[in-house]
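Encoded as structure tokens, the structure appears first; notes follow it.
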Amino acid sequence: MKFHILSKQVIRDSTTLAHVIQTCAQTNQLNKGKQIHAQLICAGHTLCTTFLTNHLLTMYIKCGQLDDALKLFDTMPHRNLVSWTAMISGLSQNSEFSEAVKTFSQMRMAGETPNQFAFSSVIRASVSLGSIELGKQMHCLALKCGLCDELYVGSNLADMYSKCGVMGDACKVFEEMPCKDEVSWTAMIDGYAKNGDCEEALLAYKKMVCEAAVAIDQHVLCSTLSACVALKAYSFAKSIHSSVVRLGFESAIAVGNALMDMYSKAGCMGSALNVFRSDSECRNVVSYTSLINGYVEANQIEMALSIFVELRRRGIEPNEFTFSSLIKACADEAALEQGHQLHAQIIKFNFELDPFVSSVLVYMYGQSGLLDHSIQVFKETENPTDIAWNSLLSVFAHHGLGKDAIKIVERMILCGVKLNEITFVSLLNGCSHAGLVEEGLNYFYSMENTYGVTPRSEHYSCVIDLLARAGRLKDAEQIICSMPFEPNASAWCSFLGACRIHGDKERGKLAAEQLMRLEPENSGVHVLLSNIYAKERQWDDVRSIRKMMKDGNVQKLPGYSWVDVSNKTHVFGAEDWSHPRQREIYEKLDSLLDQIKEAGYVPFTDSIPLDMDDSVKEKLLQRHSERIAIAFALISMPSGKPIIVKKNIRVCVDCHSAIKFISKVVGRKIIVRDSSRFHHFTDGSCSCGDYW
Ligand code: ZN
Ligand code: ZN
């Protein structure tokens, strides 16, 4: 159709002209539309009817020319319902929300009654403006105009209430709607899920599937899957997966990511990987990060790293979440080598200044025993956030550097950083590990009044630990009796541990009884209690506890230690005979024992709660996993490099003493990270000052 020369015949025929303008709008031919507009003006006023101008108005809006549309709208001598509605929706669609609302009021002042489309545009605008008041006014007005039953008005109202978190009103609107469409169902399910009312979200989804013949869209699937994750309703979530496949949404990025997230959280990494692989090509950085996160949570750091390598190979740029997740994994595993490599990548991608990434780096180096690196990364952080400060503080606390922890807190106060709950947990822990009782108590008693942080049960546990370690068992007991919460297991655990160290049998038994009530399956309690009896050489009691553990199916957590040697992690259990170099390892252990005995080491056989010969106990102690790991590191690592060993449970009294001597006789720095803290052994002494 030729537009540029309009015959008189065509100009006389408004319907044909309207059709031509409509075609311009649909095919986005702005210039041709403008030519027609110009010709119409030349042809004289009589032809610029409201009917045709409305078509021009819509054409300008559809072609994205909001300014031209507004100009035309302002010069219109007569505006009808169609003109007003077109302008209001045009403004709302182009994110000119306040203008849309203003035009709506002008329309009402002009005496025009809004239709359902004008209403739904303004209701959507009120959501974007975050004004529930405006939304409510629209609701009242729509009721007055009898338009609430209209589909568009109803579903937008339900959407508005649910997005503003007023689920009660959203429900009411929804229930009153005569025919509910997918928009309103989505609004409800989405609203419930986002407002944390996940059970309602699942119920709504089930209802929608059973009762309503509406199409399920991607949005609904994503919201429902996230609700399932929150409720840990994994079997239901898996049934949604089959709907996803049936509806052909598996390769939709958002749905795929939601499925992967669900399987990762459920610990089904195989299924998560299957979803990922079902259409690897369309996966983005969010999909990769979600999978990496899943592997990190499942402690499969190797897999997490290999997914990262794949992401890089595909040329996808990692983001700060990808790096934080991987670095956190390296911290938890103390996988220093990989951590170093990732740090290089972080610099390459310019994330080293990201407050989140840099604070995880501080934590990672700290957890891996490299305190200097940790401090260095912190120093390089410009304007460290409270997260970074707290990261550094927790590192000092973990390393038992209580005095430094206090200095950090003083600097935080000077720099105007607000101390929070995490700050006080680290600070009190640091004081506790360094035996700084008075300092710790002072901070504890001033945290609420001076710093506005209400002590929680973790803080009470720290203080109980602080007092108990220092041997002030009576004071610790007083805190336990007067605290506003029921003491948790970790409080009793610290108390029990201290009772064992200080040989307080009566209080120890009380603590053990409480602990067994709180955590009947916790093997640590039984072991600690039997240690108390063993120290008193009450072998009958020891045996009865052992029997209790056996009857109650309580298993002692097997201790194991691991050490990284030339990029490979070697894991050892107690009495471990499985390593290919085991003969050399045991020869080394024997020669070490001779050397340290000569230097003054006396085996502390009391730490084994069994009625057996001391020479047998000595052998058992010598085969504790951390010592095997150290012996292996000594025969396989170049001299001079510090040895870093990680252990899953607390290092025992005897090993602690033996390692002190080993560090002296071999002249090596040995760092042991056990379940409670770091021990830096150098030249015969430990950084914990024998407090742990
Ligand atoms: Zn040991
Ligand atoms: Zn130590």
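As the structure lists them, so they are numbered: ligands from 1, and atoms in each ligand from 1. One-based numbering along the sequence shown. Worth saying up front: this structure is predicted, and the values here are computed from it rather than measured.
Taking a cutoff of 4.0 Å between a charged side-chain nitrogen and a carboxylate oxygen, Arg581 and Glu584 qualify as a salt bridge. Salt bridge annotation for Lys597-Asp594: absent, with no cationic side-chain nitrogen under 4.0 angstrom from a carboxylate oxygen. Salt bridge Arg627/Asp654: present, at least one basic N to carboxylate O contact under 4.0 Å. We find that Lys328 and Asp332 are joined by a salt bridge, their nearest charged nitrogen and carboxylate oxygen being less than 4.0 Å apart.
Contact annotation: His656 places no N, O or S atom under 2.8 Å from the Zn ion (ligand 1).
With the Zn ion (ligand 1) as vertex, Cys652 SG and Cys655 SG subtend 120°, rounded to 10°.
His679 contributes atom ND1 as its closest N/O/S atom to the Zn ion (ligand 2). Restricting His624 to its N, O or S atoms, the one at the least distance from the Zn ion (ligand 1) is ND1.
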